[in-house]
2 protein chains.
Amino acid sequence: MNYIEIVGFTAAILTTAAFLPQVYKTWKTRDVSALSLPMLIMFITGITLWLVYGLYIHSPSMVVANAITIGSSIVLIYFKIKYSKK
Amino acid sequence: MNYIEIVGFTAAILTTAAFLPQVYKTWKTRDVSALSLPMLIMFITGITLWLVYGLYIHSPSMVVANAITIGSSIVLIYFKIKYSKK
């Protein structure tokens, strides 16, 4: 692994780790009022395109980071739909 | 501009646009209780490393996306510090 992939993986760990407390907080509180479904869909579409980009440029760190973030976003969308119901 | 940069720029627009409502909401409500300063610092460090990565691999879309997100994160950190004061 070359130096730039170490930079990429460090970036991946930091940005995905910063996202996880949101998932945990939503799961614990079941408060989805602050989450907007259109925003989440926009975000997951963007992240999916970053994954495509990472695959195309053969960037392991981008692929791993975006795959984890897609997973987290799917969980948030699931919570949003589930807990928004009366 | 090649096709993959179009994918990258579309991804950049979607992911940064999904981030901006958070900045706007925080500015309007001045409610920073949901924001964690360590998390914000972790996030901005990660995004800065993604910017370094984007510069290294000569990816215009990654550089633009991460530069905008760094700007938004600095604004959020500023709000967090300013509005956390009694």
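Below, chain A is the first sequence line, B the second, and so on; all start at residue 1.
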- Which bit of A:T48 comes within less than 4.5 Å of chain B, counting heavy atoms only: side chain, backbone, both or neither? neither
- Just give me the residue among A:A17, A:G54, A:P21, A:G46 that pairs up with chain B most often, heavy atom to heavy atom, under 4.5 Å. A:G46
- Query: Passes ring-ring contact (aromatic ring centres under 6.0 Å, His included), A:F43 versus A:F19? Steps please.
  - Reply: CA-CA 12 Å; A:F43 185 70; A:F19 197 70; 5.6 Å; yes
- Message: Within the 4.5 Å heavy-atom criterion, are A:M62 and B:M62 side-chain neighbours or not?
- Response: yes
- For A:L51, is it the side chain, the backbone, both or neither that has a heavy atom under 4.5 Å from a heavy atom of chain B? neither
- Part of B:I44 within contact of chain A (heavy atom distance under 4.5 Å): neither
- Item | Options A:I13, A:I47, A:V7, ranked by heavy-atom pairs under 4.5 Å with chain B, top entry | A:V7
- Task: Compare all side-chain heavy atoms of B:T26 with those of B:D31 and state whether any distance is below 4.5 angstrom.
- Result: no
- Message: Checking the side chain of A:K80 only, and the main-chain atoms of A:L35 only, is there a donor and an acceptor separated by less than 3.5 Å?
- Response: yes
- Do the non-hydrogen side-chain atoms of B:S59 and B:Y53 ever get within less than 4.5 Å of each other? no
- Query: Would a 4.5 Å heavy-atom cut-off, applied to side chains only, mark A:T45 and A:M42 as touching?
  - Reply: no
- Item | Contacting moiety of B:A12, where chain A heavy atoms sit under 4.5 Å | both
- Note on the structure: If one checks every heavy atom of B:S61 against chain A at 4.5 Å, the contacting part turns out to be both
